[in-house]
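Only one structure is covered here, and it is reproduced in the block below.
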Amino acid sequence: MKAEPYYICGPTASGKSALALEMAEKLDGEIVNADAFQLYRGLEIVSAAPSADELSCWPHHLYGVLEPTESADAQRYVNLAKPLIAEIQSRGKTPVITGGSGLYLKFLTHGAAPLPTADAALRAEMDARPLEDLVAELQQLDPVEASRTALQNRRFVSRALEICLLSGQKASDLRDGWEKQTAEISSQLRGLVIQRSRPDLHARIAIRTRAMLDGGALEEVAALSNVSTNYEKAIGFREIRALLAGEIDRATCENLINTATRQYAKRQETWFRREKWLVPKVVQDFSPL
RNA sequence: GGGUAGAUGCCCGAGUGGCUAAAGGGGGCAGACUGUAAAUCUGCUAGCGAAAGCUUACGUUGGUUCGAAUCCAUCUCUACCCA
């Protein structure tokens with residue numbers, strides 16, 4: 001009898017890692033990362049991954065498993081996580097999956113639509129074209145998909161067009177089948193989402209940012225010069241780069257990181273609010289990280 | 001003590017007589033989002049109201065005018081310059 005996975009979600013700095021550890025001990029489980037950036041090696045501090053001590057005191061998986069030069073995506077994450085989860089279950093343990101990357105979690109829990117994988121060359125080509133151009137082509141190839149896509153959003157338009165061009169089919173047709181089964185899947189999942197008041201969460205973010213900057217984040221970023229563009233998307237990376245280059249001072253850097261982190265936390269809350277299967281776990285203390 | 005510049009909404013900042021509850025940006029709030037997601041994008045953001053609308057707003061007080069964030073005077077404060 002295999003143990004169903006347990007999911008621990010919540011915005012950044014809400015205390016997922018600590019709770020995951022607690023749950024893993026209680027459920028006789030092993031922790032599996034579901035954070036897009038903690039997947040990478042060399043970004044441990046900036047991505048607020050569990051420390052080496054924490055990683056070694058209990059089984060943790062999928063932390064620091066990708067090279068900086070690799071590029072992750074939701075499907076790739078699932079390809080890594082699925083077999084691992086099965087393996088944990090085969091040993092009679094409960095997978096405790098924790099992380100804040102909503103899309104990655106969604107792929108893991110609800111599966112992926114049968115769509116073609118991203119194509120770097122095609123994307124580079126599309127990036128060079130004006131948005132109106134891409135919109136026009138999408139509208140021509142797949143008017144249905146175009147009508148459902150936020151046409152101001154270059155990323156979304158590009159992906160929809162990419163699907164059409166790579167598959168030779170309509171993105172709208174390929175996506176339709178997948179969406180129907182989601183409700184049924186949700187009813188069988190179990191997990192929780194940590195909820196904290198904004199002031200509490202903001203205070204925790206501020207404490208964590210300071211600890212990062214004091215705790216080697218600058219050295220970490222300095223060591224990562226000239227790696228893949230994935231890193232540039234990590235909150236903190238660009239800001240610390242600017243600090244190292246002398247473009248901004250330390251206080252400004254800290255403020256920028258705090259603001260970006262708060263905004264990210266908000267987006268995560270919006271995402272998880274839609275995942276009705278997650279049981280809210282309201283936490284009120286101002287406990288340190 | 002003298003001179004100059006300036007004071008605009010939560011913040012920055014545009015605006016030099018009516019089209020101004022006031023451009024734009026930031027922040028905040030809410031939302032979208034199935035292969036870049038810590039990304040990307042959208043809406044709202046003085047108060048009350050469902051709305052029409054009403055009320056309070058551009059440092060202070062007063063004035064000019066049919067009408068003032070915009071013109072005049074006064075005072076207060078800030079910055080810089082000369083003593």
Side-chain angles (χ1 to χ4, degrees), chain A residues 9-14 16 33-40 43-49 66 70-81 99-120 122-124 126-127 131 134-135 145 148-163 166-167 171-172 174-182 185 198-199 201-202 205 208-209 212 217 228-240 252 255-275:
Chain A
C9 308
T12 187
S14 61
K16 293 186 295 295
N33 171 237
D35 182 292
F37 284 76
Q38 291 176 6
L39 243 30
Y40 287 105
L43 200 65
E44 288 81 8
I45 299 170
V46 170
S47 70
L66 294 182
E70 297 178 277
S71 71
D73 64 57
Q75 183 58 54
R76 180 155 189 205
Y77 167 70
V78 172
N79 292 157
L80 290 170
S101 298
L103 183 68
Y104 283 25
L105 282 159
K106 187 76 174 180
F107 265 65
L108 185 59
T109 54
H110 292 74
L115 304 176
T117 304
D119 181 281
L122 178 56
R123 284 190 178 181
M126 288 192 295
D127 284 347
L131 177 60
L134 303 176
V135 169
E145 187 67 10
R148 311 170 172 164
T149 303
L151 298 177
Q152 311 92 320
N153 193 331
R154 190 178 188 99
R155 287 268 169 91
F156 289 5
V157 172
S158 295
R159 166 96 270 240
L161 186 55
E162 179 181 60
I163 293 167
L166 256 30
S167 69
S172 52
L174 295 173
R175 272 176 176 159
D176 273 347
W178 171 80
E179 284 170 356
K180 290 175 182 135
Q181 41 181 329
T182 58
I185 292 173
R198 286 282 159 82
L201 191 62
H202 291 181
I205 287 171
R208 193 182 69 183
T209 300
M212 264 180 205
S228 89
T229 54
N230 283 301
Y231 279 67
E232 290 173 12
K233 285 182 252 145
I235 291 171
F237 184 83
R238 207 174 290 147
E239 293 84 351
I240 291 173
T252 304
N255 284 337
L256 289 173
I257 292 174
N258 279 147
T259 300
T261 307
R262 280 188 242 115
Q263 293 172 336
Y264 169 49
K266 240 186 73 50
R267 274 179 266 132
Q268 289 176 298
E269 287 179 342
T270 300
W271 183 289
F272 291 127
R273 230 171 258 161
R274 289 207 306 174
E275 299 297 321

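Side chains are part of it too, since the values below use all heavy atoms of this structure and drop only hydrogens, waters and symmetry mates.
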(message) Suppose you measure atom P in B/rG53 against the same atom in B/rC19; what distance do you get, rounded to whole Å?
(response) 15 Å
(message) Taking any heavy-atom pair under 4.0 Å as a contact, classify A/S158: base, sugar-phosphate, or nothing.
(response) nothing
(request) Grab the OH-P distance between A/Y40 and B/rA38 for me, whole Å please. (result) 11 Å
(request) Identify whether any heavy atom of A/E162 sits under 4.0 Å from a base atom; if not, whether one sits that close to sugar-phosphate; answer base, sugar-phosphate or nothing. (result) nothing
(message) At less than 4.0 Å, is any side-chain N or O atom of A/K266 found next to OP1 or OP2 of B/rG28? Yes or no.
(response) no
(request) Would you kindly give the CG-to-P distance between A/D119 and B/rU36, to the nearest whole Å? (result) 12 Å
(message) Nearest whole Å is fine: how far is B/rG27 C1' from A/Y264 OH?
(response) 21 Å
(request) Please state the C1' separation for the pair B/rU55 and B/rU70 - nearest whole angstrom. (result) 23 Å
(request) Grab the CD-C1' distance between A/E232 and B/rU40 for me, whole Å please. (result) 16 Å
(request) Rounded off to whole Å, could you give me the CG-to-P distance for the A/L66 and B/rA37 pair? (result) 11 Å
(request) Please state the C1' separation for the pair B/rA46 and B/rC11 - nearest whole angstrom. (result) 15 Å
(message) Using a 4.0 Å heavy-atom cut-off, does A/Y104 contact any base of the nucleic acid, only the sugar-phosphate backbone, or nothing at all?
(response) sugar-phosphate
(request) Look at all strands and tell whether A/G236 reaches a base, only sugar-phosphate, or nothing, counting heavy atoms closer than 4.0 Å. (result) nothing
(message) Go nucleotide by nucleotide along RNA chain B from the 5' end; which of A/S47 and A/T259 gets its closest nucleotide reached first?
(response) A/T259
(request) Could you let me know what B/rA30 is paired to, Watson-Crick or G-U wobble, both distances under 3.5 Å, or none if it's on its own? (result) B/rU42
(request) Considering just the side-chain nitrogens and oxygens of A/T270, establish if one lies under 4.0 Å of OP1 or OP2 belonging to B/rG31. (result) yes
(request) Verify, without hydrogens or angle tests, whether A/R154 (side chain) and A/D127 (backbone) share a donor-acceptor contact under 3.5 angstrom. (result) yes
(message) Looking only at side-chain N and O atoms, does A/R208 offer a donor or acceptor that is under 3.5 Å from a partner on A/T12?
(response) yes
(request) Give a yes or no on whether the backbone of A/A49 and the side-chain of A/E44 come within a donor-acceptor separation of less than 3.5 Å. (result) no
(request) Considering non-hydrogen atoms only, spot the tightest contact between A/A48 and A/M212 and give its length. (result) CB-CE, 3.8 Å
(request) Take atom P in B/rA79 and the same atom in B/rU74, then report the distance between them in whole Å. (result) 23 Å
(message) Heavy atoms only, 4.0 Å cut-off, all strands: where does A/V46 land among base, sugar-phosphate and nothing?
(response) base
(message) When the P atoms of B/rA23 and B/rU78 are compared, how many Å lie between them, rounded to an integer?
(response) 30 Å
(request) Pick base, sugar-phosphate or nothing for A/R198, based on heavy-atom distances below 4.0 Å to the nucleic acid. (result) sugar-phosphate
(message) Please determine whether a side-chain nitrogen or oxygen atom of A/Q152 lies at a distance below 4.0 Å from atom OP1 or OP2 of B/rU40.
(response) no
(message) What's A/R76 touching, base or sugar-phosphate or nothing? Going by heavy atoms closer than 4.0 Å.
(response) nothing
(message) Would you measure the distance from the P atom in B/rA69 across to the matching atom in B/rG17 and give it in whole Å?
(response) 13 Å
(request) Find the distance A/R262:CZ to B/rG26:P and express it as a whole number of Å. (result) 15 Å
(message) For the P atoms, the ones on B/rG63 and on B/rG67, what distance do you get once it is rounded to whole angstrom?
(response) 12 Å
(message) Using only atom types and a distance under 3.5 Å, with no angle test, would you say the side chain of A/E239 pairs donor to acceptor with the backbone of A/G236?
(response) yes
(message) Regarding A/A72, tell me which of base, sugar-phosphate or nothing describes its non-hydrogen contacts under 4.0 Å with the strands shown.
(response) sugar-phosphate
(request) Starting from C1' on B/rA38, measure out to CG on A/N33 and report it in whole angstrom. (result) 13 Å
(request) Output the single nucleotide from B/rG27, B/rA37, B/rG35 whose closest atom is nearest the side chain of A/R175. (result) B/rG35
(message) Any side-chain N or O of A/R267 below 4.0 angstrom from OP1/OP2 of B/rA38?
(response) no
(message) Only pairs with both distances under 3.5 Å count, Watson-Crick or wobble alike; so what is the partner of B/rA7 in this structure?
(response) B/rU76
(message) Taking A/A36's backbone N and O only, do any of them form a donor-acceptor pair with A/S101's side chain (distance below 3.5 Å, no angle check)?
(response) yes
(message) Give me syn or anti for B/rG35, where syn covers glycosidic angles within 90 degrees of 0.
(response) syn
(request) May I ask which nucleotide in the shown strands pairs with B/rU20, Watson-Crick or G-U wobble, both distances under 3.5 Å? (result) none
(message) Donor-acceptor pair, distance only, cut-off 3.5 Å: does the side chain of A/Y40 make one with the backbone of A/E70?
(response) yes
(message) Just to be sure I understand the rule, does A/A112 reach a base, reach only the sugar-phosphate, or reach nothing, if contact means heavy atoms closer than 4.0 Å?
(response) base
(request) Consider the side chain of A/F156, meaning its heavy atoms from C-beta on, and name the nucleotide among B/rA37, B/rA38, B/rU36 that approaches it most closely. (result) B/rA37
(request) Take atom C1' in B/rG2 and the same atom in B/rG9, then report the distance between them in whole Å. (result) 36 Å
(request) Starting at atom CG of A/D127, determine the distance to atom C1' of B/rU36, rounded to an integer number of angstrom. (result) 10 Å
(message) Looking only at the side chain of A/S101 (C-beta and beyond, no hydrogens), which of the listed nucleotides B/rG35, B/rA37, B/rC29 gets closest?
(response) B/rA37
(request) Confirm from the modelled atom types if A/N153 and B/rA32 form a donor-acceptor pair under 3.5 Å, side chain to base only. (result) no
(message) Considering every strand and a 4.0 Å limit on heavy-atom distances, what is the contact class for A/A36: base, sugar-phosphate, or nothing?
(response) sugar-phosphate
(request) May I ask you to decide if A/A160's main-chain N or O and A/E145's side chain share a donor-acceptor pair within less than 3.5 Å? (result) no
(message) Mind checking if A/R273 touches a base, just sugar-phosphate, or nothing, with heavy atoms under 4.0 Å?
(response) sugar-phosphate
(request) Return the nucleotide paired to B/rG1: Watson-Crick means purine N1 to pyrimidine N3 with N6-O4 or O6-N4, wobble means G-U with N1-O2 and O6-N3, both under 3.5 Å. (result) B/rC82
(message) Regarding A/K266 and A/E269, does a basic nitrogen lie under 4.0 Å from an acidic carboxylate oxygen?
(response) no
